[in-house]
*Asks:* 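First the structure, then my questions, so here it is.
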There are 2 protein chains.
Amino acid sequence: MNGENNFFKSAFSVDNVIFGFDEGDLKVLLIKRGTDPYNGLWALPGDLVYPNEDLDTAAYRVLEELTGLKNVYLEQVHTFGAVNRHPLGRVITIAYFSLVKISDFALKAASFAQNVEWHNVESTMKTELAFDHNAILENCFNALTQRVRIRPVGFELLPPKFTLTELQHLYEALLREELDKRNFRKKILSTSLLIDLDQFQEGVPHRPAKLYQFNKQRYQQLEAHGFSFEVKESKKKEKKKRLAALISA
Amino acid sequence: MNGENNFFKSAFSVDNVIFGFDEGDLKVLLIKRGTDPYNGLWALPGDLVYPNEDLDTAAYRVLEELTGLKNVYLEQVHTFGAVNRHPLGRVITIAYFSLVKISDFALKAASFAQNVEWHNVESTMKTELAFDHNAILENCFNALTQRVRIRPVGFELLPPKFTLTELQHLYEALLREELDKRNFRKKILSTSLLIDLDQFQEGVPHRPAKLYQFNKQRYQQLEAHGFSFEVKESKKKEKKKRLAALISA
DNA sequence: ACAGGTTAGTGTTGTTCTTACGCCGATTTG
DNA sequence: CAAATCGGCGTAAGAACAACACTAACCTGT
């Protein structure tokens, strides 16, 4: 690095943590690196930001190039800029997380063969990823679990029509706690954020469940009035923690 | 911009939104710019990140150079990177917010004369600041009001010894809602996060109040056990909002 | 056609949390 | 010693939450 130009010997990238939900558990979309550094390791999809491109635009671009999806939920989470996080130079990265319906996704997936895969989030967090992507994943996962309590983002992960049981399983996966069926249904229906489609599941080997749709319009209305969705931590779990803390004190 | 080097014709900076609390209202520390661009306008303190400096380090440096304070609360909030946010080139900025006790601060302030000042947050938000600093301030203020519900960060803004009334006023300023005195005291004391110092205010023209201290150790203990502090939006306010939303529906 | 398997759907009660609310006491000042 | 100011305290009614178990609907295989 030499002289006054030092400040410009640096670059920035975006990295996306793309979450999906399938078969009752939470997944993240990873790419297997085919070049050095970290050749052969799994990594989060990302790219350098073009010189005349906004950050959000870059994040959407990366997402679309990879999945073919537009108009998906995307949110900036944190910027990682440790001096040595990239072996080839000073590159800071802005991390985004994104929520996609796996059902919408299938399209492009085939073309990438084994280079792109959905991975279970929990096990991925225990595996070594390229760069500082473990830290990024963890950070974004935490952000997701926060967000889901405050905004009904969970719906972004489900197909357009879903059953209450599916919704409950999603929340259980995200919140990592079991919920009571009756209480969950009461609460979620009382928000008036679901539209009862008066349609039923088909082809299931048991009593078919009613299908619902998220009432986005209604949500935006409530949101516009500063009204906030909230899923609190259960009192039960809270008590356990308080007890544990007291015991250790 | 020419050729492959384009990606490196860019720089990144940090900007700090430094909050303080005084005389019952929330303030932010601003610097009056003495050079172009935006000469004469107020701006958030910030600087380019050195080539071999971590982002957080840079933010701490800016804060310390300005206030002389170390070990203050500092948190990364959001990165702003619109292509044209800086008139002289592509500069993205990582915004941090910071909480300082105004009483600790006095030190360095004098040397800056009129270039550095505490400004009331509400009125600042209605004034034009340099660059995109209005957006940054707004974003950080929102982040602060979120954080204060989840973590007892408010204490960072108060002097080491404070009365319950002072604490209540702080919360009222941050949450922008009035709180009931008795209920507030009950709740806050029940958290066991305050140490009763058995000392009293002096020199006040009325009955002196008891002084308390934040029990940081205890908080860290609870936090380590995953226990989270929570100040919810009051049901009263919530109802008002719901009603407003319903009416408009 | 019917028995067995599987998931859907539904109400009530006890407990806890939240809210609303008003008065006396301590201290300083003139 | 009177007036002004803020500090400190408790209870009762209502709302939200947690716990809990059975019947209904549909499919499958015999």
Side-chain angles (χ1 to χ4, degrees), chain A residues 23-24 149 158 161-172 175 177-192 194-213 227-243, chain B residues 23-24 149 158 161-172 175 177-192 194-213 227-243:
Chain A
E23 296 166 16
R149 290 183 187 282
L158 290 174
K161 300 175 181 185
F162 50 84
T163 69
L164 292 182
T165 305
E166 283 164 355
L167 183 61
Q168 183 178 344
H169 288 334
L170 171 61
Y171 271 89
E172 286 174 340
L175 301 175
E177 91 185 84
E178 295 211 329
L179 304 171
D180 178 88
K181 185 163 52 152
R182 282 183 284 191
N183 293 337
F184 178 78
R185 291 160 107 91
K186 244 179 295 177
K187 193 168 194 169
I188 207 84
L189 288 174
S190 76
T191 62
S192 74
L194 294 188
I195 300 169
D196 178 343
L197 291 171
D198 263 313
Q199 294 173 32
F200 293 84
Q201 279 180 307
E202 283 173 25
V204 286
H206 55 77
R207 172 175 178 183
K210 260 195 177 173
L211 294 172
Y212 290 84
Q213 204 176 27
F227 187 72
S228 76
F229 180 83
E230 234 176 290
V231 183
K232 281 177 292 187
E233 174 161 69
S234 76
K235 304 281 169 183
K236 193 178 173 183
K237 200 170 169 189
E238 208 177 315
K239 267 186 207 158
K240 255 192 217 164
K241 285 187 188 171
R242 178 176 276 149
L243 190 64
Chain B
E23 295 166 17
R149 290 183 187 282
L158 290 175
K161 300 175 181 183
F162 50 85
T163 69
L164 292 182
T165 305
E166 283 165 353
L167 183 61
Q168 183 178 344
H169 288 334
L170 171 61
Y171 271 89
E172 286 174 339
L175 301 175
E177 92 184 83
E178 295 211 329
L179 304 171
D180 178 88
K181 186 164 51 153
R182 281 184 286 190
N183 293 338
F184 178 78
R185 291 161 105 91
K186 241 181 296 176
K187 195 168 193 168
I188 207 82
L189 289 173
S190 76
T191 61
S192 74
L194 294 187
I195 300 170
D196 178 343
L197 290 171
D198 263 313
Q199 294 173 34
F200 294 84
Q201 279 181 310
E202 283 172 26
V204 286
H206 54 77
R207 173 176 177 181
K210 258 196 180 175
L211 295 172
Y212 291 83
Q213 204 176 27
F227 187 74
S228 75
F229 180 83
E230 236 177 290
V231 183
K232 283 176 291 190
E233 175 161 67
S234 77
K235 304 282 171 184
K236 192 176 174 183
K237 200 171 171 188
E238 208 177 315
K239 267 185 207 158
K240 256 192 218 163
K241 287 186 186 172
R242 178 177 277 148
L243 191 63

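The chains referred to below are lettered A, B, ... by the order of the sequence lines, with proteins before strands, and numbering in each begins at 1. These values consider heavy atoms only, across backbone and side chains, with no hydrogens, waters or symmetry-generated copies. Bear in mind that the values here come from a model prediction, so they are computed numbers and not experimental data.
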*Asks:* In a check of side-chain contact (heavy atoms from CB on, under 4.5 Å) between Tyr212(B) and each of Leu164(B), Thr163(B), Leu167(B), Leu158(B), which one passes?
*Replies:* Leu164(B)
*Asks:* Check this for me: Glu172(A), atom CD, are more than 12 non-hydrogen atoms of other residues, nucleotides or ligands nearer than 6.0 Å?
*Replies:* yes
*Asks:* Assuming nearest nucleotide by heavy-atom distance, tell me which of Pro205(A) and Lys186(A) is located more 5' along DNA chain D.
*Replies:* Lys186(A)
*Asks:* Looking only at non-hydrogen atoms, find the nearest pair between Asp180(B) and Asn183(B) and report the distance.
*Replies:* OD2-N, 2.9 Å
*Asks:* So among Gln201(B), Gln199(B), Gln213(B), which one has a side chain to side chain donor-acceptor pair (under 3.5 Å) with Lys161(B)?
*Replies:* Gln199(B)
*Asks:* Roughly how many Å is it from CZ in Arg182(A) to P in dC17(D), rounded to a whole number?
*Replies:* 17 Å
*Asks:* Tell me: CD of Gln201(B) to P of dG7(D), nearest whole Å?
*Replies:* 7 Å
*Asks:* Report the distance from atom CD of Glu177(A) to atom P of dA18(D), rounded to the nearest whole Å.
*Replies:* 9 Å
*Asks:* In whole angstroms, how far is the C1' atom of dT27(C) from the NZ atom of Lys210(B)?
*Replies:* 16 Å
*Asks:* Base, sugar-phosphate or nothing for Thr165(A)? Non-hydrogen atoms, less than 4.0 Å.
*Replies:* sugar-phosphate
*Asks:* On DNA chain D, compare the nucleotides closest to Asn183(A) and Gly203(A); which residue's is nearer the 5' end?
*Replies:* Asn183(A)
*Asks:* In whole angstrom, give the distance that lies between atom CZ of Arg207(B) and atom C1' of dA4(D).
*Replies:* 15 Å
*Asks:* Of the listed nucleotides (dC9(D), dA8(C), dC26(D)), which one gets closest to any side-chain atom of Ala209(A)?
*Replies:* dA8(C)
*Asks:* In this structure, how many angstroms lie between the P atom of dG9(C) and the CD1 atom of Ile188(A), rounded?
*Replies:* 14 Å
*Asks:* If I take atom CG in residue Leu189(B) and atom C1' in nucleotide dG7(D), what distance separates them, rounded to the nearest angstrom?
*Replies:* 13 Å
*Asks:* Find the distance Leu164(B):CG to dC9(D):C1' and express it as a whole number of Å.
*Replies:* 12 Å
